[in-house]
Amino acid sequence: MGNTNTKKTSGKKRLTKAERQKKKRNRIILITVEVFVLFLMLMALYVVSLYGKIEKTDISEDDIVINQGIAPSNDTVNKDDIATNEISSGHMDGYRNVALFGVDSRDNSLGKGTRSDTIIIASINEETKEVKLVSVYRDTYLNLGNDSYGKANAAYAQGGPLQAINMLNMNLDMNITDYVTVGWAGVADTIDALGGIEIDVDEAEISHLNNYQVETSKSLGEDSFERVTKTGMQTLNGIQAVSYCRIRYTAGDDFKRAERQQEVIQAILDKAKSGNIATLNKAANTIFEEISTSLTFAEVMDLLADVASYSIGATGGFPNEQYRTTGSVGAASCVISTNVTEDVKQLHQFLFGSTEGYAPSSQVETIAAQVKNRTGR
């Protein structure tokens with residue numbers, strides 16, 4: 001009997017070695033893509049969770065004053081019906097102007113009832129990503145956004161960020177619709193999360209910096225602090241850096257203090273740009289819990305996505321030194337602009353370069369006359 005064993009076949013084509021390798025590569029690519037998509041989804045969920053920690057204020061542009069009129073005093077801000085701009089604002093096209101407020105908050109309150117120790121206009125050139133900073137000195141005698149006059153920092157205390165924005169827009173012919181507010185704790189914790197910032201401390205600043213650390217540490221619930229013992233460029237921790245921002249008793253007084261605040265902002269940006277993912281994640285997780293803003297989630301993401309592209313250019317102050325003086329108005333010691341109209345014109349020149357077609361609004365001229373009349377300067 002012959003051999004009847006025959007080789008069984010499944011009818012399935014046997015893959016060549018090259019085909020098996022290709023199939024394996026495709027499977028690896030598919031798995032890699034799936035993992036990457038999952039990672040992106042998890043990151044998106046994480047960022048959303050962080051954003052949820054922000055104290056969000058919806059600002060209705062219906063209530064924001066841009067160059068004319070008096071806004072009602074309330075806490076809500078929305079962005080639907082912006083007041084008509086009576087001046088030519090074309091020179092501000094391509095710039096995004098945001099108000100930055102630093103509040104002297106001992107109880108983590110970031111709304112009205114707290115005076116803004118720091119008032120900064122951040123003007124972002126959307127093409128070049130250069131950011132110019134202008135400090136509006138807190139004691140500057142201005143219209144407070146409700147047709148009363150006093151120190152600029154009282155606007156935030158009276159009506160929160162909405163009134164403070166209106167104060168800036170009315171007095172300075174600005175078109176600000178958004179703000180970011182942070183308290184001492186937010187600044188200190190963010191700096192600590194970044195691993196400290198590099199600041200050049202001079203001899204005249206050391207004793208005041210250490211004296212301020214006593215109050216700063218107590219207000220932040222810390223039992224102790226580390227004294228600064230040397231001059232020169234060095235790494236300051238959160239409490240030290242906040243205390244450095246508060247110094248106002250060296251030459252230059254409050255004007256020099258505003259420069260220190262701008263210096264600290266620059267140092268924070270520099271440190272953030274050089275930080276690794278873990279460090280930036282820690283800082284974001286910290287600061288998101290301790291700020292108040294009108295920016296939407298999409299706007300925050302757009303800003304964060306470009307953080308490495310931003311650079312701080314020129315910095316300045318209002319009133320400009322050329323027009324700046326001090327004096328008593330009633331019982332209050334104030335910073336006074338001796339020519340608000342020209343001061344505002346120079347501010348726009350500084351921020352936007354070309355001011356072709358721009359002249360200070362009639363509202364600014366009215367405020368200038370009131371300041372002169374009320375202060376005698």
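Throughout, numbering of the chain's residues begins at 1 and tracks the sequence.
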Between Ser123 and Asn97, do the side chains contain an N or O donor and an N or O acceptor separated by less than 3.5 Å? yes
Tell me, please, which residues at least two apart from Glu342 pass side chain to side chain donor-acceptor pair (under 3.5 Å). none
If we only count heavy atoms from C-beta on, is the Leu142 to Tyr149 side-chain gap below 4.5 Å? no
State yes or no: do Phe350 and Val335 share one hydrophobic cluster built from I, L, V, M, F, W and Y residues joined by side-chain heavy-atom distances below 4.5 Å, directly or via other members? no
Can you tell me how far CG of Asn175 sits from CG of Asn169, rounded to the nearest 0.5 angstrom? 7.0 Å
So, taking the atom named CG in Asp173 and the one named CE in Met92, what distance separates them when rounded to the nearest 0.5 Å? 7.0 Å
CG of Asn143 to CD of Gln363, rounded to nearest 0.5 Å, is 7.0 Å
Residues at least two apart in sequence or cross-chain that pass side chain to side chain donor-acceptor pair (under 3.5 Å) with Asp270, listed by chain then number, are Gln266
Those residues at least two apart in sequence (or on a different chain) that pass side chain to side chain donor-acceptor pair (under 3.5 Å) with Asp117 are Arg138
Going by the rule salt bridge (Lys or Arg N to Asp or Glu O under 4.0 Å), which residues pair with Lys151 if we only count those two or more places apart in sequence or in a different chain? Asp139
Are Thr118 and Leu100 packed together at the side-chain level, in the sense that at least one heavy-atom pair is separated by less than 4.5 angstrom? no
Backbone N or O of Met167 within a donor-acceptor pair of the Asn171 side chain at under 3.5 Å? yes
Lys256: which residues meet the salt bridge (Lys or Arg N to Asp or Glu O under 4.0 Å) condition with it, sequence neighbours left out? Glu259
Would you mind listing every salt bridge (charged side-chain N to carboxylate O under 4.0 Å, His left out) that reaches into residues 197-210, with sequence neighbours excluded? Glu205-Arg260
State yes or no: do Val201 and Val242 share one hydrophobic cluster built from I, L, V, M, F, W and Y residues joined by side-chain heavy-atom distances below 4.5 Å, directly or via other members? yes
Dump the intermediate steps for side chain to side chain contact (heavy atoms under 4.5 Å, CB included) on Arg246 and Trp184, then the final yes or no. CA-CA 10 Å; Arg246 298 181 63 199; Trp184 287 2; 3.0 Å; yes
Roughly how far, to the nearest 0.5 Å, is the OH atom of Tyr244 from the CD1 atom of Ile197? 9.0 Å
Heavy-atom nearest pair, Ala241 first then Val264, reads O-CG2, 4.3 Å
Might you work through the side-chain hydrogen bond (donor to acceptor under 3.5 Å, both in side chains) test for Gln213 and Asn210, ending with a clear yes or no? CA-CA 5 Å; Gln213 283 201 82; Asn210 287 326; 3.0 Å; yes
Answer yes if Tyr179 and Leu351 sit in the same cluster of Ile, Leu, Val, Met, Phe, Trp and Tyr residues linked by side chain heavy atoms under 4.5 Å apart, and no otherwise. yes
Taking atom NZ of Lys218 as the centre, does the number of heavy atoms from other residues, nucleotides or ligands within less than 6.0 Å exceed 12? no
List for me each residue that meets side chain to side chain contact (heavy atoms under 4.5 Å, CB included) alongside Glu226, sequence neighbours excluded, and say none if there are none. Asn237, Gln240
Residue pairs meeting salt bridge (charged side-chain N to carboxylate O under 4.0 Å, His left out), one or both in residues 119-134, sequence neighbours left out, come to Lys129-Asp306
Does a side-chain heavy-atom distance below 4.5 Å link Leu269 with Ile312? yes
Applying side chain to side chain contact (heavy atoms under 4.5 Å, CB included) between Tyr156 and each of Thr181, Ile165, Leu162, report the one that passes. Thr181
Could you pull out all residues at least two apart from Arg248 that satisfy side chain to side chain donor-acceptor pair (under 3.5 Å)? none
Testing the basics here: between Val371 and Ser337, what is the closest heavy-atom pair and its distance to 0.1 Å? CG1-O, 4.0 Å
Does a side-chain heavy-atom distance below 4.5 Å link Asn166 with Ile64? yes
Look at the rings of Tyr358 and His91 and say which category their plane angle falls in: under 30° parallel, 30 to 60° tilted, over 60° perpendicular. tilted
Can you tell me if Asp178 uses its side chain to pair, donor with acceptor, with the backbone of Thr293 under 3.5 Å? no
OH of Tyr249: more than 12 outside heavy atoms within 6.0 angstrom? no
Ser217 meets the side chain to side chain contact (heavy atoms under 4.5 Å, CB included) criterion, sequence neighbours left out, with Glu222, Phe225, Ile239
Please check if Phe255 and Ile265 belong to a single hydrophobic cluster, counting links between Ile, Leu, Val, Met, Phe, Trp and Tyr side chain heavy atoms closer than 4.5 Å. no
Pairs under 3.5 angstrom only: tabulate donor-acceptor contacts from the side chains of residues 323-330 to other protein residues two or more places apart or in another chain.
from   : atom 1 : to     : atom 2 : distance (Å)
Tyr323 : OH     : Gln346 : NE2    : 3.4
Arg324 : NH1    : Tyr137 : OH     : 3.3
Thr325 : OG1    : Arg377 : NH1    : 3.4

Looking only at heavy atoms, what is the nearest atom pair of Ile199 and Ala267, with distance? CD1-CB, 4.0 Å
Minimum-distance pair of heavy atoms, taken over all atoms of Ala155 and Ala164: CB-CA, 4.0 Å
Does the pair Val340 and Val364 meet the rule for a side chain to side chain contact (heavy atoms under 4.5 Å, CB included), with working shown? CA-CA 7 Å; Val340 172; Val364 166; 4.2 Å; yes
What pair of heavy atoms forms the shortest contact from Ile247 to Tyr212, and how long is it? CA-CE1, 3.5 Å
What distance separates Ile120 CD1 from Gln262 CD, expressed to the nearest 0.5 Å? 5.5 Å
How long is the straight-line distance from CD1 of Ile191 back to SG of Cys245, given to the nearest 0.5 Å? 6.5 Å
Of all residues at least two apart in sequence or in a different chain, which pass the side chain to side chain contact (heavy atoms under 4.5 Å, CB included) check with Ser224? none
Within the distance-only criterion (no hydrogens, no angle test), does the side chain of His348 pair as donor or acceptor with the backbone N or O of Leu172 below 3.5 angstrom? yes
Taking all non-hydrogen atoms of both residues, which atom of Leu144 and which atom of Ala154 are closest, and how far apart? CD1-CB, 4.1 Å
